[in-house]
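Step one of this worksheet: look at the structure below.
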2 protein chains.
Amino acid sequence: MDACAHCAVRESAICHSLPEDRLEELSRYGRRQNVTRGQTLLWEGEDSLLVGNVIDGVLKLSASTWDGCDQTLGIAYPSDFIGRPFGTKSQQSVTALTDAMVCTFTRADFDAVAQRNPDLEHSLLQRTLSDLDHARRWMLLLGQKSAIERVASFLLEMASRLSEDGEDEAGRIVFELPFGRQEIAEVLGLTIETVSRQITRLRCDGLIETPGKRTIAILDREELETRAESA
Amino acid sequence: MDACAHCAVRESAICHSLPEDRLEELSRYGRRQNVTRGQTLLWEGEDSLLVGNVIDGVLKLSASTWDGCDQTLGIAYPSDFIGRPFGTKSQQSVTALTDAMVCTFTRADFDAVAQRNPDLEHSLLQRTLSDLDHARRWMLLLGQKSAIERVASFLLEMASRLSEDGEDEAGRIVFELPFGRQEIAEVLGLTIETVSRQITRLRCDGLIETPGKRTIAILDREELETRAESA
DNA sequence: GCGTGAACTTGATGTAGCTCATTGACCGGC
DNA sequence: GCCGGTCAATGAGCTACATCAAGTTCACGC
C-alpha cells in the first residue's frame, strides 16, 4: 500500500520522521481499519497486541474501577499514537467516541521497525513526553479543581482542539463535541448531573450557548478562562 | 569523571543502555549534585534547563493552582529520570522530599548526546512510557476513588517501593515514608486532616501500625488491598 | 525540670457534589 | 398520528470530605 503517501496524517503522525524508503517498509505492516462509534479497539488489562496511529475521528483511553465507574484517561485525535509498544499489557481501553479510522500494526511488527529506525523512536518519544505532560496537567485538574473549574477547563481545551477556524461572524467560538454528557463526566471525574448543572450555569451566566446537545458556542472566552482557574 | 562506573544506579538508570565508550562521552557532561530536603531543583513554568537521573533519595514532581494548592504529580526514586528533554518548558516543579543526590546535565548537552545515541533514547522512551502508564493509573485514583481507597492504595504503593526486604519476623511489612502528612495529602488530592483520619481508621481496624510519625507497618496486606479497591 | 514550635490527631460544623427520582426534548419506527 | 427509547435538565435530600478550631505528642533548647 502506498496509502501512506496520501495519508491525511502523513505530516503530523510519528511516521513523518521517516524518509520515503523507510516509510515504505513500515507501510507493509500497516493496516487501515475503520472503527465505528462505541467500538473498543483495545481492552484494559489485556495484552496490547495492536498499536497504531489515529487517522480520523476521536477515541478515548479509559480505565474503570472494580465497581464499574469509568475514568477517561486521555483523548486521541488524528495523528495521535495509540497502544503500548514494547512488551507490556495495555493499562487502558481504547474506545471510539466517533466513527474513526486508524492505521494499526501488530505490536511485534511495530517494535521491530522502531528498533531499526531511531528517528521513528525519537518522534514517538517526543509524543510520549507531551502525552505525559498533558496527563499530569489533567491530574492537577482531577486532584484540585472544583466542578465549575473542571467544566470550564474542559470546554476551553475542546475549543482549542476542535474549532478549526477562530470565531464566527458573531465573535463566538463554535464547535461540536464528540462527547455526550456522560462521556464528559467520565473525563472530568464528575457525575452527569453535575456536568449538566455546571453547563447550565455557564449558559445562564452568558458565557456559552448550547445550540444543540453536543454543540457549544463560547461567547466570553476571557471570563471562561477565569472560571477555569478560580472558583 | 569515571564516577559512572561506580554509580549506584549504573545498571538501572537509562545510562545502562550505553556501552563503556559512549558512557564516557555522556559522563563528561554530567554533574553530580547534592540536594537538601525541601530544595527545589526545577520550577513549574520555567524553562527546563536541567535534566538528569536520581542517584539517591526521593523527589516529587508537583504543580499548583492559582490559589496555592499543590498537587503532587509524580514521585522520583533512584534511577528515575527527571526534567523535560527536547525543548519545552517544564510543566512541573521538582522538589527533594529527602536529602538527595542527582546527576544532572544541561538540557542542550543531553539532547545532543541523546540524538547521537539511539539506545539511550530507547531507554528513555521505555521509561517515559511507564511513567505515562503510572500517571494514568493515578488519574483513575484521583478521579474516582474515595479517601480510604486513596490512602490504602498509597500505602501499598509505598510498601512496594520502599520495603526492600519482604516482611519482618512478625510478618509485618515495615517502611519509613519520605512524606509528612501534608505531603501525602498533596499526592492524594485530599486534605491533611482527611489523610490523618483514614490512617487512624486503618490503625483502629488493625490493618496497619504507626510506630513512628513517618513509619508504617502493614499487618494485613490482603485486607488493605481490598480497601484500596472497594469502599 | 519547663517552654516552644512543628507535626499530627480529633472534634464540630458546613457544603460541594453525589444519589435518586422526575420531567422534558428529540428522534425513529410503525 | 402515537409510542418507546435515549439523552439532557432539574429538584430534593444525603453524605463524604473540606474547613475551622482545639487539643495532643514529640523533639529540642535552656
Side-chain angles (χ1 to χ4, degrees), chain A residues 37-38 64-65 67-71 97-98 141-155 176-205 207-217 227-228 230-231, chain B residues 37-38 65 67-71 97-98 141-155 176-205 208-217 227-228 230-231:
Chain A
R37 178 174 161 192
S64 46
T65 54
D67 61 331
C69 300
D70 270 27
Q71 173 68 44
L97 289 171
T98 64
L141 178 142
L142 292 174
Q144 302 293 347
K145 292 197 177 182
S146 67
I148 189 74
E149 290 167 333
R150 294 186 200 201
V151 172
S153 304
F154 173 81
L155 292 178
E176 183 86 2
L177 288 174
F179 299 88
R181 294 288 185 272
Q182 179 59 48
E183 287 156 342
I184 299 177
E186 283 165 17
V187 174
L188 299 178
L190 298 170
T191 59
I192 182 171
E193 293 94 334
T194 301
V195 171
S196 181
R197 279 186 249 268
Q198 303 309 327
I199 288 180
T200 302
R201 186 163 153 203
L202 291 174
R203 182 168 7 82
C204 294
D205 292 358
L207 306 188
I208 63 169
E209 278 170 356
T210 52
K213 283 196 177 185
R214 292 177 170 223
T215 316
I216 300 285
R227 302 285 183 102
S230 59
Chain B
R37 179 174 160 192
T65 54
D67 61 332
C69 299
D70 270 27
Q71 175 68 44
L97 288 172
T98 63
L141 178 143
L142 292 174
Q144 301 293 346
K145 293 196 177 183
S146 67
I148 189 73
E149 290 167 333
R150 293 186 202 202
V151 171
S153 304
F154 173 80
L155 292 178
E176 183 86 1
L177 289 174
F179 298 88
R181 294 289 185 272
Q182 179 60 47
E183 287 157 342
I184 299 176
E186 282 165 17
V187 174
L188 299 178
L190 298 170
T191 57
I192 182 173
E193 293 94 333
T194 301
V195 171
S196 181
R197 278 185 249 270
Q198 302 310 327
I199 288 181
T200 303
R201 186 164 152 202
L202 292 174
R203 185 170 1 86
C204 293
D205 292 359
I208 62 168
E209 279 170 357
T210 52
K213 284 196 176 184
R214 290 176 170 223
T215 316
I216 300 285
R227 301 285 183 100
S230 60

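Letters A, B, ... are given to chains in the order of the sequence lines, protein chains preceding strands, and every chain is numbered from 1.
In this structure, the CZ atom of A:R201 is 15 Å from the P atom of D:dA9, given to the nearest Å. Rounded to an integer number of Å, the gap from CD1 of A:I192 to P of C:dT22 is 17 Å. One interatomic measurement links the two molecules: CD of A:Q144 to P of D:dC17, which rounds to 15 Å at whole-angstrom precision. Rounded to whole angstrom, the span from the CD1 atom of A:I148 across to the P atom of C:dT15 amounts to 18 Å. A:E209 places its CD atom 19 Å from the P atom of D:dA8, with the value rounded to the nearest Å. Rounded to a whole Å, the CG atom of B:L97 is 14 Å from the P atom of C:dA7. Between B:R214 atom CZ and D:dT25 atom C1' there is a gap of 16 Å when expressed in whole angstrom units. In this structure, A:K145 places its NZ atom 22 Å from P of D:dC17, rounding to the nearest Å.
Distances from the side chain of A:K213 to the nucleotides C:dT10, C:dG17, D:dC7 place D:dC7 closest. Side-chain proximity of A:L190 to the nucleotides D:dA12, C:dA12, C:dG17 is greatest for C:dG17. Side chain of A:R197, nearest nucleotide from D:dT19, D:dG11, D:dA9: D:dG11. Listed nucleotides C:dG17, D:dA21, D:dT10 differ in distance to A:E193; the shortest reach to its side chain belongs to D:dT10.
Of all the heavy atoms in A:R227 and A:L202, the pair that sits closest is NH1-CD2, 4.1 Å.
Backbone-only contact: A:G189 has heavy atoms under 4.0 Å from sugar-phosphate atoms and none from a base. Using a 4.0 Å heavy-atom distance criterion, A:S196 is classed as a base contact.
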Inset, instruction - Please lay out, stage by stage, how B:E209 and B:T215 fare under the test side-chain contact (heavy atoms from CB on, under 4.5 Å). - result: CA-CA 8 Å; B:E209 279 170 357; B:T215 316; over 6 Å; no

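For A:R181 and D:dT10, a side-chain-to-base donor-acceptor distance below 3.5 Å is absent, hydrogens and geometry of angles not being considered.
Note on A:R203: a side-chain N or O is less than 4.0 Å away from OP1 or OP2 of D:dA9. One finds no side-chain N or O of B:T191 lying less than 4.0 angstrom from the OP1 or OP2 phosphate oxygen of D:dT19. Neither OP1 nor OP2 of D:dA16 sits under 4.0 Å from any side-chain N or O of B:T194.
Side chain of B:T200 to main chain of B:S196: a donor-acceptor pair is present (N/O by atom type, distance under 3.5 Å, no hydrogens or angles).
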